Amino acid sequence: MADTLIVGGGTAGCVLAERLSADPAHAVRLLEAGPLWTGLDAMPAELLDAAALPIGPEVGWLWRYEVVLAGDPPVPGTIVRGKVIGGSGAVNGGYFVRATAADFEDWNRVLGGSDTWSSDAVLPFYCRTERDLDFGDRPWHGDRGPIPVVRTADPAPVSAVFTDACLAAGFAEVPDLNAPDSGEGVGRVPCNRDHGRRIGPAIGYLLPALDRPNLTVRGETLVTRVRFDGTRAVGVEWLRDGESGVEWADRIVLCAGAIESAALLLRSGIGDPRQLRPLGIPVVHAAPVGAWLGDHPEVGISYLLDLAEPPTVPLETVLEVGDVEIRPYAVSFTPGVRRLGVTLMRPRSSGTLRLRSAEPGVAPLIDYRYLAAETDRARLCEAVATAGELLRRMNARPVDPIPRTGDLDAWLRANLATSQHLSGTCRMGRENDAAAVVDELCRVHGVTGLSIVDLSVVPVPLGRGPQATTMMIAEKVAAHCRGRHRV
């Protein structure tokens with residue numbers, strides 16, 4: 001029986017498995033629903049190529065979900081998550097920007113003033129993840145971690161033109177977006193890559209540890225439910241190659257991401273009884289699972305600009321303006337057409353995740369409720385106007401002209417997308433917090449033996465993309481429990 005059983009070999013699961021198994025006396029078992037490759041030679045080339053986004057319809061290493069982005073009338077969408085060892089960190093664009101000090105101030109406010117997740121408290125764990133090849137000698141960076149971090153030295157023409165337009169518009173240049181005092185402005189994106197190779201959590205953390213005798217990793221294994229003895233989690237049920245079974249453990253940690261961790265909790269009887277009972281799910285503990293889904297709404301502006309397009313990471317530079325990030329994608333998602341993303345990083349609107357069925361093969365219902373808050377619509381309208389001015393300075397032509405007068409809501413809805421940075425479905429908070437599912441150490445309220453360590457626990461919108469922060473969370477939890485056989 002494992003001391004710690006980890007469900008999900010994504011970003012957080014890879015970090016946690018490696019760090020906990022560094023103690024030879026701690027038996028760790030990891031179950032991943034997607035494929036497992038034990039060496040770089042066996043991995044598909046597109047998973048290694050930092051310039052590729054391996055999320056096309058032909059690949060088999062993704063979860064795919066139909067979602068509702070906004071309502072009245074519904075705006076449908078499709079999102080994907082990594083269903084492979086390394087999770088979404090194995091298929092994303094390599095963006096490795098940290099959350100801001102303001103994010104952690106809000107986080108600690110949710111915890112009633114606790115400094116457990118203050119910017120000072122989390123900084124050592126950010127540093128522990130990385131080997132920053134540009135700023136590793138600075139005190140706020142790491143130079144020995146498993147993840148190489150680098151900024152593009154020779155930006156693609158579109159990135160250079162965008163930067164020039166930002167500077168001409170009066171925005172500052174930010175040398176290091178991961179510096180504690182980075183502030184607003186345009187800067188090059190830190191990426192987790194080395195010599196053109198994407199170095200995600202599987203390659204950086206897990207694969208080098210696979211020969212440890214106290215670490216067992218199984219791929220193609222779908223966990224369907226957590227088993228309880230009363231209110232103590234004691235094991236999980238799984239499916240693999242048409243067979244089923246149970247794994248028992250002293251402690252279970254869900255690292256399956258904001259969708260699948262929440263869905264697994266709900267199928268296991270932790271959630272709103274009014275939703276669980278009609279599906280025939282016995283209630284173990286009432287909790288607001290799935291009630292506070294968060295993400296970053298992105299309005300995509302398609303435009304034409306005749307520039308060379310060398311192979312590179314999808315996003316080399318960004319403009320940070322308050323709670324907005326403007327993204328000049330360096331690759332074309334549609335041949336001949338470029339995209340400028342206008343993203344609201346701290347939206348007021350939040351969404352929901354609910355089960356459609358108790359059956360594990362049925363995807364949950366995900367309703368983002370984007371644009372529900374008037375302040376979100378107003379802020380996006382302001383940001384789109386800023387983006388339009390930058391495009392004019394770039395001598396670019398929008399494919400679908402941005403309305404300058406009248407009702408902009410219809411245009412926003414027609415161009416609405418999402419960053420696929422899902423969080424908050426199992427929010428962190430104090431025991432008396434009606435919105436909380438886990439405590440400040442990621443342990444699920446109301447039961448014992450069960451924790452969640454992934455982006456689903458983050459209780460506030462993050463002002464930056466999530467990959468670096470997800471690794472930090474796993475590093476911090478691992479450091480707390482290392483040697484205690486507790487999470």
Side-chain angles (χ1 to χ4, degrees), residues 1-40 42-43 47 61 81-90 125 128-130 145-147 192 199-223 226 233 235-236 238 240 247-257 260-261 264 441-443 449-457 467-487:
M1 184 173 77
D3 294 311
T4 298
L5 174 62
I6 299 171
V7 178
T11 299
C14 286
V15 175
L16 198 64
E18 190 282 326
R19 293 310 195 198
L20 293 183
S21 65
D23 175 3
H26 194 141
V28 178
R29 189 165 179 82
L30 187 153
L31 303 180
E32 162 58 36
L36 164 68
W37 292 285
T38 58
L40 297 184
M43 280 190 176
L47 290 178
W61 48 68
R81 313 303 298 148
K83 186 180 181 182
V84 61
I85 201 69
S88 295
F125 302 102
R128 192 171 294 181
T129 67
E130 70 178 14
I147 302 296
N192 52 293
I199 307 296
I203 295 174
Y205 279 89
L206 188 65
L207 265 61
L210 287 180
D211 61 350
R212 293 174 181 170
N214 60 318
L215 173 62
T216 306
V217 181
R218 292 297 302 267
E220 308 284 0
T221 303
L222 177 67
V223 173
V226 178
V236 300
W238 54 260
R240 182 193 308 126
E247 290 281 352
W248 309 100
D250 179 59
R251 190 79 188 181
I252 298 163
V253 186
L254 307 186
C255 298
E260 292 300 324
S261 284
L264 186 52
L441 296 177
C442 298
R443 300 170 298 198
L450 181 63
S451 298
I452 304 174
V453 181
D454 57 33
L455 206 65
S456 64
V457 306
Q467 183 174 206
T469 298
T470 305
M471 290 192 190
M472 176 277 291
I473 292 169
E475 284 275 13
K476 194 172 189 309
V477 173
H480 173 78
C481 70
R482 190 178 293 121
R484 303 182 185 185
H485 293 193
R486 306 292 292 172
V487 179

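Quick caveat: nothing in here was measured; it's all calculated off a predicted structure.
For the side-chain contact (heavy atoms from CB on, under 4.5 Å) test, residues two or more places apart in sequence or in another chain that qualify with Ala233 are Val226, Phe228, Ile252, Leu450. Among residues two or more places apart in sequence or in another chain, the salt bridge (charged side-chain N to carboxylate O under 4.0 Å, His left out) test is passed with Arg29 by Glu247. For the salt bridge (charged side-chain N to carboxylate O under 4.0 Å, His left out) test, no residue two or more places apart in sequence or in another chain qualifies with Arg240. In terms of the side-chain contact (heavy atoms from CB on, under 4.5 Å) criterion, residue partners of Thr11 (sequence neighbours excluded) are, by chain and number, Pro201, Thr470, Met471. Evaluation of the salt bridge (charged side-chain N to carboxylate O under 4.0 Å, His left out) rule for Glu18 yields Arg212 as partners, not counting sequence neighbours. Listed by chain and residue number, Thr38, Ile85, Val217 satisfy the side-chain contact (heavy atoms from CB on, under 4.5 Å) test with Leu36 (two or more places apart in sequence, or in another chain).
One distance of note links CG of Leu222 with CH2 of Trp238; it measures 11.0 Å at 0.5 Å rounding. Rounding to the nearest 0.5 Å gives a distance of 10.5 Å between CD1 of Ile6 and CG of Leu254. Distance check: Trp37 CH2 to Leu47 CG gives 5.5 Å after rounding to the nearest 0.5 Å. For the atom pair Gln467 CD and Thr129 OG1, the distance stands at 9.5 Å (nearest 0.5 Å). The distance from the CD1 atom of Ile203 to the CG atom of Leu207 is 7.0 Å, given to the nearest 0.5 Å. Interatomic distance, NZ of Lys83 versus CD of Glu220, reported as 8.0 Å (0.5 Å rounding).
The closest donor-acceptor contact from the side chain of Asn214 to the backbone of Ala27 lies at 3.5 Å or more, if one exists at all. A donor-acceptor pair under 3.5 Å links the side-chain atoms of Ser88 to the main chain of Gly82, judged by distance alone. Side-chain N or O atoms of Asp454 include none that pairs as donor or acceptor with a backbone N or O of Ala12 at under 3.5 Å.
The heavy-atom pair separating Gly13 from Leu30 by the smallest distance is O-CD1, 3.5 Å. Minimum interatomic distance between Pro208 and Ala202 (heavy atoms only, all atoms of both residues): CD-O, 4.2 Å.
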Exercise. Step by step, work out the side-chain hydrogen bond (donor to acceptor under 3.5 Å, both in side chains) result for Ser21 and His26.
Key: CA-CA 6 Å; Ser21 65; His26 194 141; over 6 Å; no

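Within the 4.5 Å cutoff, the side chain of Arg19 has heavy atoms near those of the Arg128 side chain. By the 4.5 Å heavy-atom criterion applied to side chains, Glu32 and Arg218 are not counted as neighbours. Using a 4.5 Å cut-off on side-chain heavy atoms (C-beta onward), Val223 and Leu264 make contact. Proximity of Ile473 to Val453: side-chain heavy atoms (C-beta onward) are separated by under 4.5 Å at one or more points.
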